Amino acid sequence: MENTFEKIYQAVIKIPKGRVATYGQIATMAGNPRWSQIVGYALHVNPKPGVIPCHRVVNRLGEVSQAFAFGGENMQIKLLKEEVVKFDSDGRVVLSDCLWDGK
DNA sequence: TTAATGACCTATC
DNA sequence: CGATAGGCCATTA
């Protein structure tokens, strides 16, 4: 149980700066591709703020979830913008260029 | 213990 | 091609 969360956190923390990963990607790295929902839940509880870059986790569309809104989704995107993450006019992350390869 | 929910994804109509 | 339904796992009530 906690082990599962730890795996997810480890995967999220492993995301290099300027790069984003999708829930499915992290779930697969954690050990099961069906944990996508659990990944969202794990970040929802976010037991280790400051250690887990939740803003680097986006859905498969490259869009940050609205539930993030820990200060405004726009701020979330802006934060990523401060990194080297690229954004398109749709407000989505350019997965084709910033999607984490997993290594 | 059972049922319902959720920061999701995939498949089907 | 666009929208809808279902399913998976874990947590909460």
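These values consider heavy atoms only, across backbone and side chains, with no hydrogens, waters or symmetry-generated copies. Order of the sequence lines fixes the chain letters, A, B, ..., with proteins taken first and strands second; residue numbering starts at 1 for each chain. On a predicted model such as this, the values are computed, not experimentally measured, just so you know.
Regarding A:Y9, its OH atom lies at a distance of 14 Å from the P atom of C:dA10, rounded to whole Å. Nucleotide C:dA3 holds its P atom 13 Å from the CG atom of A:L61, rounded to whole Å. Here B:dC8 presents its C1' atom at 14 Å from NE2 of A:H44, a figure rounded to the nearest Å. Whole-Å rounding puts the A:Y41 OH to B:dC9 P distance at 17 Å. The CZ-P distance, from A:R60 to C:dC8, rounds to 20 Å in whole Å. Spacing between atom CG of A:L43 and atom C1' of C:dC9 amounts to 15 Å, rounded to whole angstrom units. Distance A:F5 CZ to B:dA7 P: 13 Å, rounded to the nearest Å. Between the P atom of C:dC9 and the CG atom of A:N3 lies a distance of 16 Å, rounded to the nearest Å.
Rounding to the nearest 0.5 Å gives a distance of 12.0 Å between CE of A:M29 and NZ of A:K103. Note: A:K48 NZ to A:N46 CG = 10.5 Å, rounded to the nearest 0.5 Å. One distance of note links NZ of A:K78 with CE of A:M75; it measures 9.5 Å at 0.5 Å rounding.
Under the 4.5 Å side-chain heavy-atom criterion for ILVMFWY residues, no single connected hydrophobic cluster contains both A:V57 and A:V20.
At least one donor-acceptor pair closer than 3.5 Å links the side chain of A:N59 to the backbone N or O of A:L61. Using modelled atom types, one side-chain atom of A:Y9 and one backbone atom of A:A42 make a donor-acceptor pair closer than 3.5 Å.
Note on A:T22: every side-chain N or O is 4.0 Å or more away from OP1 and OP2 of B:dC8.
A:A27 and A:S36 make their closest contact through CB-N, 3.5 Å (heavy atoms, listed as atom of the first residue, atom of the second, distance).
Less than 4.0 Å separates DNA chain B from at least one heavy atom of each of the following residues of residues 27-38 of chain A: A:S36, A:Q37, A:I38.
Taking the C1' atom of each, C:dA3 and B:dA7 are spaced 22 Å apart, rounded to whole Å.
Between A:E83 and A:R19, no side-chain nitrogen of the basic residue sits less than 4.0 Å from a carboxylate oxygen of the acidic one, so the salt-bridge criterion is not met.
Counting non-hydrogen atoms of other residues, nucleotides and ligands closer than 6.0 Å to CG of A:N74 gives a total of 12 or fewer.
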With 3.5 Å as the limit, what N/O pairs link the protein to nucleotides 11-13 of chain B?
none

